[in-house]
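First the proteins, then the strands, lettered A, B, ... as listed; each starts at 1.
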Amino acid sequence: MAKINYWLMKSEPDVYGIEDLKKETETLWDGIRNYQARNFMRSMKINDQAFFYHSNCKPPGIVGMMKVEGVRLVDPTQFDSNSKYFDPKSSQKEPRWDCTKMSYIGKFEKGINLDQLKELYKPEDLQLVRKGNRLSIMPIKKETALELLQKLGNPIP
DNA sequence: GCCAACGTTGGC
DNA sequence: GCCAACGTTGGC
């Protein structure tokens with residue numbers, strides 16, 4: 001089996017939550033306008049897995065699991081002048097922003113919230129709990145990811 | 001709604 | 001290339 005990498009992707013449940021993904025089965029993870037996050041997205045591979053994190057809600061935390069279905073896709077919202085993600089500085093020839101296609105794997109029965117994650121992990125082991133961290137996409141160390149999956153149990157489709 | 005911690009922009 | 005001003009994220 002090919003080696004896969006693990007990631008964490010944040011979304012506000014009011015904007016796009018795990019229930020939306022469950023319903024749609026798959027989605028384009030667009031609207032990323034931060035270079036660091038974009039670069040992480042660019043290093044994703046098909047079949048990589050990502051923890052779905054609900055941010056800006058109470059309590060914030062990991063709620064489900066996704067799989068990468070497509071990589072380095074052009075983010076269509078950058079060319080849409082009606083979109084809040086419209087970027088006038090991007091060009092069709094050299095699109096500045098791209099995105100991945102993610103599919104729904106499942107939801108964790110209990111999930112794990114930020115407080116618990118802070119208790120369990122140091123910033124070195126989980127970037128998410130680093131103070132002032134605002135990155136919406138980040139890699140998760142394999143050890144940490146596997147341990148989390150153990151704790152969380154199987155995602156429920 | 002506040003604000004800390006960034007990231008980005010633009011003048012110089 | 002510096003840095004002040006501004007905007008955004010996201011926890012609280």
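- The residues A/Glu19 and A/Lys107 are annotated as salt-bridged, a charged nitrogen and a carboxylate oxygen being separated by less than 4.0 angstrom.
- Contact annotation: A/Lys84 side-chain N/O to C/dG7 OP1/OP2 distance is not under 4.0 Å.
- The CG atom of A/Asn34 sits 18 Å away from the P atom of B/dA5 (whole-angstrom rounding).
- Residue A/Tyr85 has no polar side-chain atom (N or O) positioned under 4.0 Å from OP1 or OP2 of C/dT8.
- Of the candidate nucleotides B/dT8, C/dC12, C/dG11, C/dC12 has the atom lying nearest to any side-chain atom of A/Asp115.
- Side-chain to base pairing of A/Arg33 with C/dT8: no donor and acceptor N or O lie closer than 3.5 Å to each other.
- Smallest separation of non-hydrogen atoms from A/Leu120 and A/Ile112: CD1-CD1, 3.6 Å.
- Across the protein-nucleic acid pair, A/Lys58 atom NZ and C/dG11 atom P stand 14 Å apart, rounded to whole Å.
- Between C/dC12 and A/Lys118, a contact under 4.0 Å exists linking OP1 or OP2 to a side-chain N or O.
- Straight-line distance from the CG atom of A/Leu128 to the C1' atom of C/dG11: 11 Å, rounded to whole Å.
- Using a cutoff of 4.0 Å between basic side-chain nitrogens and carboxylate oxygens, A/Arg33 and A/Asp87 are not scored as salt-bridged.
- Using a 4.0 Å cut-off between charged side-chain N and carboxylate O, A/Lys67 and A/Asp48 make no salt bridge.
- Within the 4.0 angstrom heavy-atom criterion, only backbone atoms of the sugar-phosphate kind lie near A/Gln36; the bases stay farther away.
- Between A/Trp97 atom CH2 and B/dG7 atom P the separation is 13 Å, expressed in whole Å.
- Counting to the nearest Å, the P atom of B/dC6 and the CZ atom of A/Arg130 are 9 Å from each other.
- Taking atom NZ of residue A/Lys131 and atom P of nucleotide B/dC6, one finds them 8 Å apart after rounding to whole Å.
- With DNA chain B read from its 5' end, the first of the two nearest nucleotides for A/Lys89 and A/Asn56 is the one closest to A/Asn56.
- A/Lys141 has a carboxylate O that lies under 4.0 Å from a charged side-chain N of A/Asp125, or vice versa, which qualifies the two as a salt bridge.
- Across all strands, A/Lys10 comes closer than 4.0 Å only to sugar-phosphate atoms, never to a base (heavy-atom distances).
- The distance between atom CG of A/Leu117 and atom C1' of C/dG11, rounded to the nearest whole Å, is 14 Å.
- Distance A/Asn133 CG to B/dG7 C1': 13 Å, rounded to the nearest Å.
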